[in-house]
Engineer: 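Sharing a structure below in structure tokens format, with a few things to ask.
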Amino acid sequence: MAEVSMCNSNGAAELSPEEERVLIRDIALAAGANSKEGDEFFLITQRWWQHWIEYVNLDQQNSTNEGSSVLNNHSDSVSSSKRPAGIDNSDLIYDSASHDDNISVEIHDSLLEGRDYVLLPQDVWNQLHSWYGGGPPLARKVISSGLSQTELAVEVYPLRLQLLVMPKGDRSTIRISKKETIGELHRRSFEIFNLNAEQVCIWDYYGHQKHALMNDMDKTLDDANIQMDQDEATSILLEPSKSTLSIAGGFPASKGASRSCSSEISQARNMTLTYRELDNAYGISCVSTRGSYGGLTGLQNLGNTCFMNSAIQCLVHTPEFAKYFREDYHREINWQNPFGMVGELALAFGDLLRKLWAPGRAPIAPRPFKAKLARFAPQFSGYSQHDSQELLAFLLDGLHEDLNRVKQKPYIKSRDADGRPDEEVADEYWANHIARNNSIIVDVCQGQYKSTLVCPICNKVSVTFDPFMYLSLPLQSATTRSMTLTILTSDSTTSPFPCTVSVPKHGWCRDLIQAVSIACSLKTHEELKLAEVRNHQFHRFLDDPCLPLSSIKDDDRIAAYKISKSSKNSLLLRLIHRCRPQETGSNGLSSQWNAFGVPLIASIPYEDSITRGDIQREVQKILLPWFGGDNLIQDTDGDICADYVTDSPKTNGCPSKTLSLKFSLQMADKSNELIDLSAKEGKSIRVATSSAPAVVYVDWSRDLIEKCSAKYFENLPEVFRYGPVSKKARTEPLSLYTCLEAFLREEPLVPEDMWYCPQCKERRQASKKLDLWRLPEVLVIHLKRFSYSRSMKHKLETFVNFPIRDFDLTNYVGNKNSTQRQLYELYALTNHYGGMGSGHYTAHIKLLEENKWYNFDDSHISLINEDDVKSAAAYVLFYRRARSNDNVLTSNGALPIPIEPKSEPFQT
């Protein structure tokens with residue numbers, strides 16, 4: 001690159017803004033093309049970077065900054081035409097004067113790239129710094145990340161580790177990359193505290209307990225699962241090695257200090273006391289679990305990890321898994337499975353299970369397991385709340401792939417049933433499945449169901465037998481929604497009446513129109529117009545059949561108008577009622593018209609033209625029932641009257657039993673100018689060539705309002721009004737059997753998931769029927785309490801009455817050749833309390849050895865009665881096949897579980 005002159009501290013000539021822009025652009029492009037692990041990037045404050053971009057007139061879209069619009073808030077920034085002052089990163093860092101000398105400049109914890117700062121390659125930073133000076137420099141290294149460790153990322157927030165020296169109590173905090181080795185951590189620790197390598201052991205220390213001894217010097221901190229828990233520093237413990245304990249219990253003054261066996265034991269006691277004192281300084285005391293049996297160990301909440309803790313406890317307390325992972329399962333790990341996690345998930349789960357089953361343990365922090373989980377399933381990283389069932393599905397699938405006994409999966413093409421017996425086809429499908437998938441998870445948790453599809457056109461039947469890991473059952477009684485609308489007709493035959501229909505809770509407007517059409521006996525020549533009414537006017541029309549019903553709230557007021565089907569020669573009228581309110585403190589009326597009552601819709605046919613009188617008569621015909629009239633008559637003056645029962649004498653030329661229905665009508669034209677339809681009734685009005693409706697204001701006199709039935713002026717009922725739960729609803733909860741029957745019920749496929757019929761050679765909306773065929777040893781049932789749409793989330797609080805024992809599925813199994821009763825008993829379940837995103841998960845688990853139920857609430861475990869197991873919070877149920885002898889595993893055609901006795905039991 002050719003040398004350029006610039007203005008700096010050495011007095012070189014200043015570059016123009018355009019020259020600066022071009023030079024920085026070229027440097028950035030060259031740096032971006034050659035980025036590699038170990039390169040340095042520098043943070044620079046977004047405010048200064050945006051000012052420089054404006055100064056050089058650089059288009060934001062071509063720069064490295066993509067979020068500079070936030071700078072609009074900085075009204076005190078210098079004009080873009082003025083050259084920026086020195087780089088000032090002070091808004092990114094804490095007060096450096098408050099930091100220890102051993103700690104580099106600390107940036108704020110909640111900074112966001114594009115909002116608070118921009119990352120610049122080192123060459124770009126060096127160039128800008130040579131022009132403008134300032135700082136401080138905030139360098140960060142490029143590291144490899146991702147599952148394959150081939151993605152490059154800038155480590156903006158290195159690990160923050162708190163070094164604790166025991167027993168002296170000295171401590172210091174350092175920042176170190178998670179890609180640094182344990183050997184580098186040792187070197188820096190010895191340098192800070194002036195220690196010798198031979199004197200010290202370093203431990204990963206969290207939950208106020210020593211965990212892994214960090215002695216593999218070539219292992220990275222990332223591979224050692226060292227993580228920061230939310231915003232807190234992770235603790236690393238430095239203590240004297242056994243061979244270097246001095247008489248005082250601390251680090252020896254010299255390498256040649258003498259000691260005896262008794263003094264070593266004494267100092268070990270002193271060390272124990274020091275650890276206890278350290279825990280007390282944090283205000284935390286570890287409580288050991290109770291009882292002589294294992295399995296009563298809690299899991300610490302690392303920050304919104306209750307969803308993980310509850311699922312883990314249920315899996316850990318599955319007897320088949322507890323036995324399998326406490327024996328030598330390493331021989332079954334599939335290290336080469338491309339669909340697995342190279343055995344790491346299985347190892348992490350097995351290690352955690354053994355710790356949880358070790359007797360007398362304090363609550364465990366599942367941090368190593370969470371680190372593995374975050375590595376292989378990034379959706380569960382961080383500290384946000386997640387769905388416990390989604391995690392459970394990932395764990396079962398991940399453990400299966402890590403423990404799959406099939407090393408090379410053969411390619412097997414499935415054959416159609418083609419009229420063969422179901423038993424033959426089912427066994428063939430199952431054998432094909434086992435040939436590719438054979439693990440402890442399949443042995444214990446996988447079953448098989450029969451899926452039957454029938455083409456509605458050619459009646460082609462397709463039967464397949466598919467495996468399942470769990471059953472997701474709908475809460476049938478809560479999948480529908482009651483909606484109340486008001487039906488209004490455009491003729492004089494029927495008064496408005498409320499209509500309540502049941503529709504799919506997350507259905508579409510077409511479902512509502514169909515249900516109302518049936519409820520109000522809609523004729524073939526009629527159609528429905530649905531509208532939301534607010535403040536006595538039309539708020540919106542629900543004419544989009546794909547409008548989700550979730551957009552209609554329970555407190556909305558919906559009117560359904562029965563009108564004649566629109567034709568080419570018909571005009572749609574929207575009638576809005578108006579009146580003048582009484583002036584406060586006066587006998588007169590206000591000059592302002594206010595809307596009142598329920599707006600109406602009418603369709604008026606015409607041939608060549610429509611007169612103002614035609615509209616007047618149509619309005620009078622529609623409003624006739626409002627006055628209790630039977631028919632329209634014409635008085636001696638030509639005015640339209642209604643047969644109306646009254647004791648008042650004849651008025652306005654009408655007989656004593658009639659009432660003049662002369663209204664003042666105002667129609668809005670294209671420019672919203674009002675046309676008086678009451679005058680010159682024979683005059684034609686211009687009808688728009690489009691199908692746009694005409695808005696007509698019906699102005700009422702006080703006399704007409706007084707004569708009209710008051711019910712027509714009342715507000716429409718709400719779509720749904722909450723009230724006390726009926727006694728029937730309280731005494732007849734939803735049964736788990738009912739949910740299962742809804743899951744197995746035949747129903748048409750949704751249009752988005754149509755089936756390709758091999759006989760028609762087209763996609764068809766076939767009917768689908770599921771039947772259980774082969775049941776697993778452990779049946780996991782997921783109650784579908786949560787539903788998601790693009791803009792809304794829902795949770796169903798329905799109480800489901802599920803059996804704790806004698807859950808009999810015999811009649812639901814399609815394989816009638818099996819004579820064995822399909823009985824299951826509940827041994828674990830997860831619960832979800834609260835709303836979406838902010839709730840809390842717990843687990844109820846039965847210890848089979850004790851025959852007692854316990855509540856596992858993170859680190860807190862308490863004994864509960866069996867009656868307390870059932871609640872409306874139940875979410876995922878774990879059933880185990882009932883058997884007379886728990887040492888003998890039976891199965892409905894499934895392969896036996898290969899659990900072999902060991903000559904020497906595995907020691908935890």
Side-chain angles (χ1 to χ4, degrees), residues 320 332 334 337-340 393 396-397 399-401 403-455 458-472 740 743-747 749 753-761 763-764 766-780 809-822 824 881 889-898:
E320 293 80 359
E332 292 200 338
N334 193 331
N337 189 354
F339 302 102
L396 289 174
D397 185 65
L399 290 173
H400 158 66
E401 295 294 353
L403 299 168
N404 196 347
R405 305 178 187 112
V406 179
K407 308 306 179 185
Q408 295 292 333
K409 293 188 177 183
Y411 172 75
I412 302 174
K413 186 176 181 179
S414 298
R415 297 167 51 201
D416 200 2
D418 289 332
R420 292 182 294 160
D422 284 345
E423 293 75 14
E424 177 185 339
V425 179
D427 289 344
E428 179 183 288
Y429 270 80
W430 186 253
N432 292 344
H433 175 66
I434 295 299
R436 293 173 53 86
N437 302 277
N438 188 356
S439 70
I440 180 66
I441 306 299
V442 175
D443 297 338
V444 175
C445 292
Q446 283 202 350
Q448 187 183 37
Y449 59 74
K450 174 185 175 183
S451 175
T452 305
L453 291 170
V454 180
C455 177
C458 69
N459 293 323
K460 165 69 176 176
V461 178
S462 175
V463 177
T464 58
F465 291 85
D466 302 310
F468 68 85
M469 193 87 76
Y470 52 86
L471 300 178
S472 289
L740 179 61
F743 173 75
L744 300 175
R745 185 178 301 133
E746 182 178 1
E747 59 183 13
L749 297 175
D753 192 25
M754 292 199 297
W755 170 64
Y756 180 80
C757 176
Q759 192 162 295
C760 295
K761 307 298 183 184
R763 292 195 173 276
R764 301 297 190 190
S767 63
K768 183 175 183 179
K769 174 72 171 69
L770 294 179
D771 292 288
L772 299 178
W773 191 264
R774 188 188 310 264
L775 295 179
E777 289 300 314
V778 170
L779 179 63
V780 181
L809 298 177
T810 306
N811 295 332
Y812 297 94
V813 176
N815 184 5
K816 300 306 179 184
N817 288 344
S818 174
T819 58
Q820 182 183 9
R821 290 190 67 189
Q822 306 295 326
Y824 285 82
R881 189 185 296 277
L889 299 178
T890 62
S891 65
N892 181 20
L895 297 182
I897 301 173

Engineer: Is there a donor-acceptor pair under 3.5 Å between the side chain of Asn337 and the backbone N or O of Glu401?
Structural biologist: yes
Engineer: Does His400 reach the side chain of Val442, with side-chain heavy atoms less than 4.5 Å apart?
Structural biologist: yes
Engineer: Check the pair Leu396 / Gln446 against side-chain contact (heavy atoms from CB on, under 4.5 Å), numbers first and verdict last.
Structural biologist: CA-CA 10 Å; Leu396 289 174; Gln446 283 202 350; over 6 Å; no
Engineer: Kindly give the heavy-atom pair with the smallest separation between Tyr824 and Pro776, and that separation in Å.
Structural biologist: OH-O, 2.6 Å
Engineer: Can you tell me if CD on Gln408 sees more than 12 non-hydrogen neighbours from other groups inside 6.0 Å?
Structural biologist: no
Engineer: With rounding to the nearest 0.5 angstrom, report the CG to CG distance, Leu740 to Leu471.
Structural biologist: 7.0 Å
Engineer: Is the backbone N or O of Pro410 less than 3.5 Å from a side-chain atom of Arg436, with the two atoms forming a donor-acceptor pair by type?
Structural biologist: yes
Engineer: Considering all heavy atoms of both residues, which atom of Glu428 and which atom of Arg420 are nearest to each other, and what is their separation?
Structural biologist: OE1-NH1, 2.9 Å
Engineer: Using side-chain heavy atoms (C-beta onward) and a distance below 4.5 Å, is Leu453 in contact with Arg764?
Structural biologist: no
Engineer: Asn404 vs Phe339, test: side-chain contact (heavy atoms from CB on, under 4.5 Å). Steps then yes/no.
Structural biologist: CA-CA 10 Å; Asn404 196 347; Phe339 302 102; over 6 Å; no
Engineer: Quick check: do Trp773 and Glu423 have side-chain heavy atoms less than 4.5 Å from each other?
Structural biologist: yes
Engineer: Nearest 0.5 angstrom please: Asp427 CG to Asp422 CG, how far?
Structural biologist: 10.5 Å
Engineer: Any heavy-atom pair between the side chains of Val463 and Val425 that's under 4.5 Å?
Structural biologist: no
Engineer: Please round to the nearest 0.5 Å and tell me the distance separating atom NE2 of His433 and atom CD of Gln448.
Structural biologist: 8.5 Å
Engineer: For Ala426 and Arg774, work out which heavy atoms get closest and say how close.
Structural biologist: O-NH2, 4.0 Å
Engineer: Could you walk me through whether Ser451 and Lys768 pass the side-chain contact (heavy atoms from CB on, under 4.5 Å) test, one step at a time?
Structural biologist: CA-CA 7 Å; Ser451 175; Lys768 183 175 183 179; 3.5 Å; yes
Engineer: Can you tell if the side chain of Tyr449 reaches within under 4.5 Å of the side chain of Leu744, non-hydrogen atoms only?
Structural biologist: no
Engineer: I need the minimum non-hydrogen distance between Lys761 and Tyr756, along with the two atoms involved.
Structural biologist: CA-OH, 3.3 Å
Engineer: What distance do Ser439 atom OG and Asp397 atom CG have between them, rounded to the nearest 0.5 Å?
Structural biologist: 9.5 Å
Engineer: Given Val780 and Phe468, is the side-chain contact (heavy atoms from CB on, under 4.5 Å) satisfied, shown in steps?
Structural biologist: CA-CA 10 Å; Val780 181; Phe468 68 85; over 6 Å; no
Engineer: What's the separation between atom OG1 in Thr464 and atom NZ in Lys450, rounded to the nearest 0.5 Å?
Structural biologist: 10.0 Å
Engineer: Between Ile412 and Ala435, what is the shortest heavy-atom contact and its length?
Structural biologist: CD1-CB, 3.8 Å
Engineer: Can you find a heavy atom in the side chain of Cys455 that is under 4.5 Å from one in the side chain of Trp755?
Structural biologist: yes
Engineer: I'd like to check Cys760 versus Lys460 (side-chain heavy atoms, cut-off strictly below 4.5 Å). Are they in contact?
Structural biologist: no
Engineer: Quick check on side-chain hydrogen bond (donor to acceptor under 3.5 Å, both in side chains): which of Asn437, Asn334, Asp443 does Arg405 satisfy it with?
Structural biologist: Asp443
Engineer: Would you name the heavy atoms of Tyr470 and Ser472 that are closest together and state the gap between them?
Structural biologist: CE1-OG, 3.5 Å
Engineer: Do Gln822 and Arg881 come within less than 4.5 Å of each other through their side chains, counting heavy atoms only?
Structural biologist: yes
